[in-house]
Amino acid sequence: MQHVLVTGGAGFIGSNFIHYLLKAEPEVRVYTLDALTYAGHRQNLEHLPDDSRHTFIHGSINNRQLVDNLLRKYTIDTIIHFAAETHVDRSISGPASFIETNVVGTFTLLEAARQAWLEEKIVAQPRFHHISTDEVFGTLALDDPPFCETTPYAPNSPYAASKASSDHLVRAYYKTYGLPVTITNCSNNYGPRQFPEKLIPLMIFNALQGKPLPIYGDGQQVRDWLYVEDHCTAIHAVLQKGRLSETYLVGGRNQPPNVELVRLICAILDEHFPDSPHYPHADLIQFVADRPGHDRRYDVSTTKMEDELGWQPQYNLDQGLHNTVAWYLKNSNWITAVTGGESFANWINENYTQRGAETQ
Ligand code: NAD
Ligand code: TYD
């Protein structure tokens, strides 16, 4: 791994991974390809550990000619593919871009890699690592065992279906053409630089302003939560020691129901702001109309990551949430920059007003 193309590196996990990788691998050069959609921000790539080893390219994974040029110009030997449309609620109100980016975009990258690496053999030891989600497996009942690498796919949202499609394409490119691939399916990430449309940063963002904290349905849905730095170490472990064509499940072993998670966030804000007019912040919780097709429960077995690669998550939920809240408190300029403008306000109105939620 010398010349790494990171797609979607201006988003939440991709940017955390680039910060991590430049520190962990002192020789590696990183090339970020990002379309800078509403979810991608150049600020996420400021203050990198070694900026001289990073190049930013503004463009889309759907632009085949651009991808072809990048692979050759920078003799890319590793693609780490994060770029995607990622928000389930947006996939319900507008699925088309999920198909375009997550399915067609992944196909475009795979085709470009196949031509450059397998036909023209521009590098000796290439690798395509695909970042995916546990949502491809669908939903669990309360007493079901956790997802594992052999659980059949049963995606329930357009987002999950588009990621499942991309996983299948990646797998097929190994089986059919021998493209050297690995896949990680990870549970819900949280931590610095997550766009405040997702549950944890939205709750911090709203609570700080004394706005209602909208909880879908009865709030008893369960996700497995992983601090983003643990996801970065997991991807690194798979790149270093993972077996080609294998899938690895990554999770954090933290599974509070949504409403409990929001209460934990509120308690941390109470610690920081005991004199706030919004104290106790949990009083801001508001139950609102549920998400259609809302998956009830996710849980992932990380046995394969542990046994084969010796990986384990390092952060428990309490540490991870304290770090996350502290980061958002310290980076109010970032929040203002990424939520400024009409696009974020329009999304909040569109998604929450129709649920009967107060947006003020
Ligand atoms: P994000 O929404 O924060 O960032 C996505 C990035 O992709 C943005 O920078 C965006 O500009 C870029 N992008 C979108 N379309 C593009 C295109 N056509 N070409 C180039 N760039 C494009 O997402 P995230 O939360 O960082 O997720 C990254 C990856 O991890 C995704 O593949 C997602 O499915 C997967 N994942 C996320 C989670 C999670 O909890 N966030 C969990 C498991 C897996
Ligand atoms: P989210 O962060 O959107 O991630 P995902 O849907 O990919 O798991 O949502 C996490 C959980 O929180 C999910 O069960 C939906 C719920 N949720 C709310 O209750 N209210 C909200 O405003 C949001 C955004 C999510």
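Starting from 1, each residue takes its place in the sequence as its number. As the structure lists them, so they are numbered: ligands from 1, and atoms in each ligand from 1.
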Practice task
Run the numbers on H129 and T78 for side chain to side chain donor-acceptor pair (under 3.5 Å), then give the verdict.
Solution key: CA-CA 8 Å; H129 182 69; T78 307; over 6 Å; no
Exercise for the section: Check each protein residue for a heavy atom under 4.0 Å from ligand 1 and list those that pass, ordered by chain and number. Expected result: G8, A10, G11, F12, I13, D34, A35, L36, T37, A39, G40, G59, S60, I61, N62, F82, A83, A84, T86, T101, I131, S132, T133, Y159, K163, C186, S187, N188, N189
Practice task
Could you verify whether a donor N or O on one side chain and an acceptor N or O on the other, from R223 and Y190, lie under 3.5 Å apart?
Solution key: no
Exercise for the section: May I ask you to check whether H278 and F273 place their ring centres under 6.0 Å from each other? Expected result: no
Practice task
Decide yes or no on ring pair (Phe, Tyr, Trp, His ring centres under 6.0 Å) for H87 and F195, but give the supporting numbers first.
Solution key: CA-CA 10 Å; H87 192 30; F195 190 69; 8.9 Å; no
Handout entry: Side-chain heavy-atom pair R127, L244 within 4.5 angstrom cut-off
Key = yes
Problem - From CH2 (W327) to CD1 (I335), nearest 0.5 Å - result: 7.0 Å
Any protein N or O within less than 3.5 Å of an N or O in ligand 2? List each pair with its distance, or say none.
from	atom 1	to	atom 2	distance (Å)
ligand 2	2 (O)	L199	N	2.9
ligand 2	3 (O)	R291	NH2	3.1
ligand 2	4 (O)	N188	ND2	3.3
ligand 2	6 (O)	R291	NH1	2.5
ligand 2	6 (O)	R291	NH2	3.2
ligand 2	7 (O)	E135	OE2	2.5
ligand 2	8 (O)	N188	ND2	2.9
ligand 2	8 (O)	R223	NE	2.9
ligand 2	12 (O)	N258	ND2	3.4
ligand 2	14 (O)	R223	NH2	3.2
ligand 2	14 (O)	N258	ND2	2.9
ligand 2	14 (O)	H294	NE2	2.7
ligand 2	19 (O)	Y216	N	2.9
ligand 2	20 (N)	P214	O	2.9
ligand 2	22 (O)	P214	O	3.4
ligand 2	22 (O)	Y352	OH	2.6

Problem - Pairing residues for D299 by the salt bridge (Lys or Arg N to Asp or Glu O under 4.0 Å) criterion, not counting sequence neighbours - result: R297
Problem - Those residues that, when tested against R253, pass salt bridge (Lys or Arg N to Asp or Glu O under 4.0 Å) (two or more places apart) - result: E306
Handout entry: Heavy-atom neighbours of K241 NZ exceed 12 at 6.0 Å
Key = yes
